[in-house]
Amino acid sequence: MKIASFNINGIKARLPALMDWLDEAQPDVAILQEIKSIDENFPREAFEDKGYNVETHGQKSFNGVALLSKLPLEDVTHGLPGDADDEQARYIEATVVGDHAVRICGLYLPNGNPVPGPKYDYKLAWMDRLRTRAEELLADEMPFLMAGDYNIIPQPEDAARPQDWVDDALFRPESREAWRKIVNLGLTEAFRARNQASEHYTFWDFQRGAWQRNDGIRIDHFLLSPECADLLTDCQIDKDVRGREKPSDHVPIWVELAA
DNA sequence: ATGGTGGGGATCCCA
């Protein structure tokens, strides 16, 4: 089973590019972030025509996540537990049943800039809630993965110019510590498990010719539970998507599971 | 130190 994650930065602007990539990559499941659309305006028929089941958790203008799956999406839940007052649409879960049942958690983790400030406080609090949710799922012992735009640069080798990010919410020590607290529950970071070399990125800013200079960062990640990591056979980044017509600033990352 | 680009949707916010 091929499961991909892609921050599309606006479904309306990205629909043609997203369709082309789906045709070519043929993921069984696609986890989308930043749909920037309310549920009612999401072009679900375009995906249903390709054989995908569609679940969205959207809001007006900002954020928004979605799941596309060729297999049925079961037990869908919207929103990250732990704060009833949180109105930002950044999290969705569903179970996909192939040879194994896998719980799919799609997330768009807050950016957090500027540091310090309320947006950074929200990011760290959100990561605390995500860790709590991971603990709950680990207790269930069903295979699960948490995938999406984490807005976290885990290590210096995950940025072309790490010195540019030392004061940024994506790379601050507190952010990386919160990331490690989640990973160290016993989750496997799929890309690092399958690829040792540096200079692999998933995001290049629209500004300053970042793509042309390969000034990228690796901030889109898959975290796998132990039972899910046992099924992992591959993890790759579709880098070339960034060089196409009307690209997102992110590119897809995907895992192959023996599930 | 500044502003560079892009999406959404409203004349500014977010990244």
Side-chain angles (χ1 to χ4, degrees), chain A residues 5-21 30-44 46 56-66 79-80 86-91 106-127 130 147-154 158-172 174-176 178-179 201-221 237 239-253:
Chain A
S5 170
F6 191 2
N7 180 325
I8 57 175
N9 192 5
I11 185 60
K12 199 169 141 190
R14 211 66 59 217
L15 191 56
L18 179 55
M19 288 292 161
D20 289 347
W21 169 75
I31 304 164
L32 306 179
Q33 302 89 40
E34 281 204 272
I35 64 173
K36 294 186 174 180
S37 163
I38 58 174
D39 297 333
E40 293 75 16
N41 290 349
F42 191 81
R44 55 186 307 124
T56 61
H57 182 41
Q59 71 180 88
K60 190 180 178 184
S61 305
F62 306 120
N63 309 317
V65 290
L80 180 62
D86 186 358
E87 294 181 348
Q88 300 190 31
R90 298 178 171 275
Y91 191 83
L107 64 98
Y108 175 44
L109 205 146
N111 175 294
N113 283 303
V115 179
K119 291 186 179 179
Y120 194 52
D121 295 341
Y122 175 66
K123 175 176 194 154
L124 295 178
W126 204 96
M127 294 184 79
L130 185 64
D149 177 359
Y150 278 77
N151 270 313
I152 291 285
I153 303 166
D158 298 314
R161 300 171 54 86
Q163 66 276 18
D164 287 357
W165 298 91
V166 290
D167 294 322
D168 195 283
L170 279 62
F171 194 56
R172 287 288 304 160
E174 300 91 331
S175 307
R176 295 165 59 203
W179 159 264
Y201 311 125
T202 63
F203 170 93
W204 295 259
D205 202 295
F206 287 125
Q207 303 181 65
R208 296 178 292 254
W211 167 248
Q212 288 73 15
R213 297 186 291 116
N214 196 27
D215 180 9
I217 51 178
R218 195 173 69 89
I219 59 174
D220 298 85
H221 308 295
I237 296 166
K239 178 181 181 180
D240 70 292
V241 170
R242 187 62 177 79
R244 297 184 186 174
E245 194 83 7
K246 259 181 97 63
S248 172
D249 41 6
H250 295 251
V251 295
I253 175 173

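Chain letters run A, B, ... following the sequence lines, proteins first, then strands; residues in each count from 1.
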Is there a donor-acceptor contact under 3.5 Å linking the side chains of Trp204(A) and Asp215(A)?
no
Check Arg218(A) against Ile237(A) and note the closest heavy-atom contact, atom names and distance.
CD-CD1, 4.4 Å
Please measure how far the P atom in dC14(B) lies from the corresponding atom in dG9(B), and state the result in whole Å.
14 Å
Under 4.5 Å between any side-chain heavy atoms of Val115(A) and Asp167(A), yes or no?
no
What closest approach, in Å, do Arg161(A) and Arg213(A) show between heavy atoms, and which atom pair accounts for it?
CD-NH1, 4.5 Å
Taking only the side-chain nitrogens and oxygens of Lys246(A), find out if one of them lies under 4.0 Å from OP1 or OP2 of dG6(B).
no
Can you measure Ile11(A) atom CD1 to dG6(B) atom C1' for me and round it to whole angstrom units?
16 Å
Ignoring hydrogens and angles, state whether a donor on the side chain of Asn9(A) or Lys36(A) is under 3.5 Å from an acceptor on the partner side chain.
yes
Grab the CZ-P distance between Phe42(A) and dG8(B) for me, whole Å please.
12 Å
Whole angstrom is fine here: how far is it from CD in Gln33(A) over to C1' in dG7(B)?
16 Å
Rounded distance in Å between the C1' positions of dG3(B) and dA15(B)
15 Å
Could you write nucleotides 10-15 of chain B as a row of B, S and -, 5' to 3', where a protein heavy atom under 4.0 Å of any base atom gives B, of only sugar-phosphate atoms gives S, and otherwise -?
S--BSB
Can you give me the dot-bracket string for DNA chain B, 5' to 3', counting Watson-Crick and G-U wobble pairs with both distances under 3.5 Å, using [ ] for crossing pairs and | for partners on another strand?
....((((...))))
Please report, rounded to the nearest Å, how far the P atom of dG3(B) is from the CG atom of Asp164(A).
18 Å
Excluding sequence neighbours, so at least two apart, what forms ring pair (Phe, Tyr, Trp, His ring centres under 6.0 Å) with Tyr120(A)?
none
Give me the atom names and distance for the closest heavy-atom approach of Phe42(A) to Ala66(A).
CZ-CB, 4.1 Å
Would you name the heavy atoms of Lys123(A) and Asn151(A) that are closest together and state the gap between them?
NZ-O, 2.7 Å
